[in-house]
Every structure is written in structure tokens, then in C-alpha cells.
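Reviewing the structure listed below.
In what follows, every heavy atom counts, from backbone to side chain, and hydrogens, waters and symmetry copies are set aside. Residue indices begin at 1 and follow the sequence shown. This one's a predicted model, so the numbers in the text were calculated from it and none came from an experiment.
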Amino acid sequence: MSFQSLGFLLFFPCCCLVYYALPQRMRPGWLLAASYFFYLCCGVQFAALLAVVTLASYALGRALEQARSRRGRRLLLAAGVMGAAGVLAVFKYTGFALQAAADLLHLLGFAFAPPEFSLVLPVGLSFYTFQVIGYLTDVYRGDIPAERSLVRYGLFVSFFAHILSGPIARGGQLLPQLEKPAPFDAAGVRDGLLLMLWGYFEKMVVADRAGLVVDTVFGDYAAYGGVERLLAAVLYSVQLYADFAGYSHIAQGAAGVLGIRLADNFRQPYLAQNVRDFWGRWHLSLSGWLRDYIYIPLGGSRRGRLRQYLNLLATFLVSGLWHGAAWHFVFWGGLHAAYQIAARLTAPLRARINLGQGVLPRWARRLVTFGLVTVAWVFFRADSVHQALSYLGGIAGWFDPWAFTDGTLLTLGLDGWGWFVLFCGVLALFFVDCLHERGIRLRPVFARQPVVYRWLICYAALAAVLVFGIWGPGYAAADFVYFQF
């Protein structure tokens with residue numbers, strides 16, 4: 001069941017109505033049942049695996065808290081981490097590992113044909129296994145107590161708002177909210193619905209429309225010149241942001257309607273002034289998880305420059321593998337590590353020739369950062385490293401600026417009206433991000449308006465999403481990009 005499906009638009013209001021009609025003590029149980037119904041729509045076998053992972057990690061969490069010896073606690077944590085990671089590895093990486101072993105043996109002169117191995121990846125597995133590992137680690141460290149209620153813990157793992165694509169919740173942030181459900185709050189419901197509406201705008205008006213151009217060009221990139229390839233690469237950056245931020249905002253909004261606060265996942269990432277700053281703004285729940293459970297335990301920056309660079313490389317390679325079992329994802333992660341290592345190595349030189357902190361240098365840094373991130377996204381989107389290199393090479397090798405005026409753009413999956421809607425949508429997204437960067441939030445401004453104006457604005461916004469989204473020219477409904485991870 002996807003957030004933009006008719007089923008969800010029927011499921012969600014029914015879930016909310018029953019939730020607030022029940023006594024507070026019964027609400028976690030109802031949400032757990034509703035979340036499993038939501039997940040069952042993705043496949044019965046997937047729900048069975050989710051239940052097994054939940055029960056096992058719940059029992060390990062309780063055992064971790066009760067264990068007294070340090071060695072016993074370490075063994076329990078290792079069992080939990082290896083178990084959760086092992087489930088993820090079997091479903092996601094077995095075929096990749098077998099093929100990599102075959103390639104290595106071939107280079108060494110041995111013939112080895114890997115057996116056929118194909119398993120359907122359960123939706124959300126990459127997210128809830130990381131969530132379980134984080135929970136067990138926090139219990140081991142003593143940061144949080146083990147959850148005693150199986151119902152609340154089951155809801156923590158399976159909550160429908162974040163089960164498919166995050167944000168990756170932390171036990172210390174979400175579990176206390178499930179223990180004491182918040183009472184009905186009209187302002188919270190209003191803000192949640194507005195956030196959901198903004199998420200639908202990002203997904204349906206911007207991301208899906210940009211995806212038409214991206215799929216057209218990347219699907220047959222050899223037939224297109226540098227202008228089309230450059231435009232598709234930039235639009236993929238836009239699509240990925242609008243798509244995933246749209247999902248996150250819908251998830252946060254849906255949880256907010258129920259009085260539950262999920263962590264922010266994005267903070268104006270394309271306004272970052274360097275790649276390190278970008279990772280402090282992009283997919284915050286994953287980047288924070290990688291920092292706290294991989295980078296810092298490896299030693300972080302505490303053991304010398306060389307060790308810091310190796311820790312960065314290891315962390316970003318894990319990030320690449322987490323996104324997909326393919327070498328182009330690994331290369332994407334390694335490229336981001338290279339960006340950060342290069343920035344640290346050249347920091348003294350850049351400090352000497354700093355041009356100042358004026359507006360022009362600041363926006364120049366943002367453009368350079370966006371360019372570097374966009375180059376890396378090409379490897380993320382391509383089917384192989386070779387394809388990504390070929391795609392990027394064609395940008396400089398065949399650049400025809402007349403493509404902007406000779407009608408070429410109208411052959412990329414959008415007509416003139418579709419391009420206009422996409423341009424306006426991207427402009428609105430950029431405008432809102434600029435306001436947020438300055439600390440100006442639109443929802444508090446909206447809440448201060450007279451009630452008649454608020455209703456008119458809501459209906460106008462909803463109509464705009466429907467007209468320029470579902471029924472807009474050039475629209476094609478698509479799954480959220482991060483469902484594949």
C-alpha cells in the first residue's frame with residue numbers, strides 16, 4: 001500500500017478516527033494492528049519476517065538489560081546485530097556476493113559459475129533492520145531502557161508511517177511517545193495534514209514529472225547530446241530530493257495527525273555549501289545512524305588523520321552498499337568519501353585563498369556542491385559504473401546549446417505545459433527551502449490567518465496538487481524511489 005494509492009487514502013482516516021475514539025491505553029494496540037494490516041498489503045510473507053525480527057530483537061533487548069557480565073552483554077549484542085544484518089544480507093547481498101566471488105576467481109584464473117540466487121527483497125527491510133540494530137546498541141550502551149511492552153516495541157518497529165522508507169526511528173525518540181499517546185490536538189492535526197499536502201505536492205507535481213525526463217534520457221542516453229544529459233542529471237537530483245522528501249513529509253504529517261513526532265529527514269540539502277554540509281542535511285536519519293553506529297565506533301576522528309580517512313571511506317562504502325547490492329552504489333559511496341577526504345586535505349590551501357563570506361562566494365560554493373552531488377547521483381541512477389562514466393563523458397563531448405530553443409526538450413517526455421508545471425514546481429520547492437534556510441516557516445504564518453482564508457488556501461492547494469498532479473498533462477504515477485532500497 002503506497003501513500004499515493006486510493007487504499008491509503010481510505011485506510012488513513014479510518015485509522016485516525018478509531019485511534020482517537022479509543023482510550024489512550026488501547027491506542028498502541030490499535031496502531032500495531034493497523035500497521036500490520038498496512039504492511040500485509042505488501043505481502044504476507046514479508047509480514048511474517050517482520051514479526052520474527054521483532055520478536056527476536058525484543059527478547060534480545062530484554063536479555064541485554066538483565067545480563068550482568070560484560071562478556072555476556074557483548075555476546076548478546078553481537079547476536080542481535082549479526083542476526084539483523086544477516087537477514088538483510090541473505091535477502092539483499094547473497095547474489096551480489098556470489099557474483100563478486102566468481103569475478104575474483106575468474107581474475108585469478110579459476111572457473112566458477114555462481115548458482116542462480118534470487119530472493120524478493122521485503123519492502124522496508126533495509127530500514128527496519130537498521131532501526132533494530134540501533135535500538136539494541138542503545139540498550140547495550142545504557143542510553144535507553146529495554147522496552148517491556150511487546151505491543152509498544154512491535155509498533156516501534158512496524159509503525160506504518162515509517163516502515164517502508166523511514167525515517168529510521170531511534171528508541172529514545174519514539175518509544176516514550178508510544179508509552180504515553182498524546183491527546184487529540186486540532187492544531188497538530190492541521191499541521192500534519194498540511195505537511196502531508198506539501199509532501200504530495202513534492203511527489204506528484206515535481207518528482208514524478210521530473211522522472212519522465214530522467215527515465216527518457218537515462219533509458220537511451222546514447223541517443224541524446226550533452227544538453228539533454230546534463231538536464232536529465234540535474235532533474236534526477238531534483239526528482240530524488242522531491243520524491244524522498246515528499247515521502248518523509250507525508251510520513252511525518254501522518255504521524256503528526258496521530259500526535260506522534262518523527263524526526264526530520266531533510267534540511268534544505270541543496271543549499272549546502274560543501275559536501276560535508278550536504279550530509280548534515282540529506283537523509284538525516286540514515287546519516288546520523290551511520291555516524292553513531294559505524295563512524296564513531298570505528299574511531300571517528302580521534303585516532304589520527306589516516307584512520308579518520310579510512311573510517312570515512314568505510315562509512316560511505318557501507319552507505320553505498322545499504323542503498324543497493326551493485327558496484328555503482330559502492331562507487332557512489334566511495335566518491336562521496338573522496339569528496340570529504342579531498343576537502344579535508346585541501347582545507348589549509350582553501351583557507352589561504354578564501355575570497356570572503358559574501359553572497360557571491362556563498363552561492364558559488366552552493367553551486368559547486370550541487371554540481372559535485374549531481375555527478376555522484378549519475379552513478380546512483382545508472383545501471384553500472386561504465387554506464388555512468390559513458391553518460392558523463394557525453395555531456396562534454398556533444399553539447400548543443402540550441403537544444404533549448406529548437407524543440408528538442410519537447411521530445412523528452414513532457415510537452416510545453418508539462419515543462420511549465422515542472423518549472424513552477426521546482427521554483428516553489430526552491431523558494432520554500434530558501435525561506436526555511438532563513439528560519440521562516442510557512443505553517444505558523446498560515447495558522448495566524450483568519451479561518452476563511454485558511455480554508456480557501458487549503459482548498460486551492462489541494463486543487464493545485466490534483467490538477468497539476470494526478471490530472472496534469474505528462475503525469476505518470478510512480479512508486480517512491482526509495483522503495484527499491
Side-chain angles (χ1 to χ4, degrees), residues 96 99 103 206-244 269-270 272 274-275 278 282 316-317 319-320 323-340 342 364-416 418-420 422-423 425-426 430 474 476 478 481-482 484-485:
F96 174 70
Q99 186 58 53
D103 293 341
V206 180
D208 286 349
R209 190 164 275 103
L212 292 172
V213 179
V214 172
D215 292 343
T216 299
V217 176
F218 273 86
D220 188 20
Y221 67 93
Y224 295 100
V227 168
E228 298 96 308
R229 295 190 194 192
L230 178 61
L231 183 61
V234 170
L235 285 179
Y236 182 62
S237 295
V238 172
Q239 178 198 6
L240 199 58
Y241 174 41
D243 190 283
F244 195 21
Y270 291 147
N274 54 64
V275 176
F278 171 81
W282 177 273
F316 277 100
L317 290 180
S319 176
H323 281 91
W327 288 114
H328 61 99
F329 288 115
V330 177
F331 191 94
W332 168 80
L335 186 56
H336 269 282
Y339 286 160
Q340 298 225 31
R365 288 194 294 271
R366 284 171 172 164
L367 286 174
V368 170
T369 301
F370 179 77
L372 292 172
V373 171
T374 297
V375 168
W377 284 140
V378 172
F379 290 91
F380 196 86
R381 176 60 175 78
D383 295 328
S384 67
V385 175
H386 176 268
Q387 185 187 93
L389 292 172
S390 177
Y391 185 99
L392 291 169
I395 293 178
W398 180 16
F399 197 88
D400 177 17
W402 297 109
F404 288 108
T405 59
D406 63 6
T408 299
L409 300 186
L410 300 180
T411 66
L412 303 183
L414 292 178
D415 58 14
W419 277 108
F420 175 75
L422 176 59
F423 174 78
V426 172
F430 178 72
V481 173
Y482 263 68
Q484 63 183 295
F485 305 133

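What you find for Leu410 and Asp415 is that their closest heavy atoms are CD2-C, 3.8 Å. Of all non-hydrogen atoms in Ala376 and His336, the two that sit nearest each other are CB-NE2, 3.6 Å. The two residues Ala207 and Asp243 make their nearest non-hydrogen contact at CB-N, 3.5 Å.
Using a 4.5 Å heavy-atom cutoff, the side chains of Val378 and Tyr221 are not in contact.
Remark: Phe420 engages Trp417 in a ring pair (Phe, Tyr, Trp, His ring centres under 6.0 Å) (not counting sequence neighbours). Under the rule for a side-chain contact (heavy atoms from CB on, under 4.5 Å), the partners of Ala337 that lie at least two apart in sequence or sit in another chain are Leu313, Phe316. Listed by chain and residue number, nothing satisfies the ring pair (Phe, Tyr, Trp, His ring centres under 6.0 Å) test with Trp419 (two or more places apart in sequence, or in another chain). Applying the ring pair (Phe, Tyr, Trp, His ring centres under 6.0 Å) criterion to Tyr241, with sequence neighbours excluded, gives Phe266, Tyr270. With sequence neighbours left out, Ser237 forms a side-chain hydrogen bond (donor to acceptor under 3.5 Å, both in side chains) with Thr374.
Pairs engaging residues 384-395 under the salt bridge (charged side-chain N to carboxylate O under 4.0 Å, His left out) rule: none recorded [sequence neighbours left out].
Distance CD/Glu228 to OG1/Thr216: 11.5 Å, rounded to 0.5 Å. Interatomic distance, Leu235 CG to Phe218 CZ, rounded to the nearest 0.5 Å: 10.0 Å. Note that CG of Leu212 and CG of Leu422 are 9.0 Å apart. Values are rounded to the nearest 0.5 Å.
Aromatic ring pairs are classed by plane angle as parallel below 30°, tilted from 30° to 60° and perpendicular above 60°; the pair Trp377 and Phe380 is perpendicular.
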Which atom pairs, one a donor and one an acceptor, fall under 3.5 Å between side chains of residues 385-393 and the rest of the protein, sequence neighbours left out?
{"from": "Gln387", "atom 1": "OE1", "to": "Asp383", "atom 2": "N", "distance (Å)": "3.0"}
{"from": "Tyr391", "atom 1": "OH", "to": "Arg229", "atom 2": "O", "distance (Å)": "2.6"}

Let me check something: any side-chain donor-acceptor pairs from residues 366-373 under 3.5 Å, sequence neighbours excluded? List them with distances.
{"from": "Arg366", "atom 1": "NE", "to": "Leu271", "atom 2": "O", "distance (Å)": "2.8"}
{"from": "Thr369", "atom 1": "OG1", "to": "Gln273", "atom 2": "O", "distance (Å)": "3.2"}
{"from": "Thr369", "atom 1": "OG1", "to": "Asn274", "atom 2": "N", "distance (Å)": "3.2"}
{"from": "Thr369", "atom 1": "OG1", "to": "Arg365", "atom 2": "O", "distance (Å)": "2.8"}

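In this structure, His328 has its ring center at least 6.0 angstrom away from the ring center of Trp332.
Within 6.0 Å of CH2 in Trp327 there are 12 or fewer heavy atoms belonging to other residues, nucleotides or ligands.
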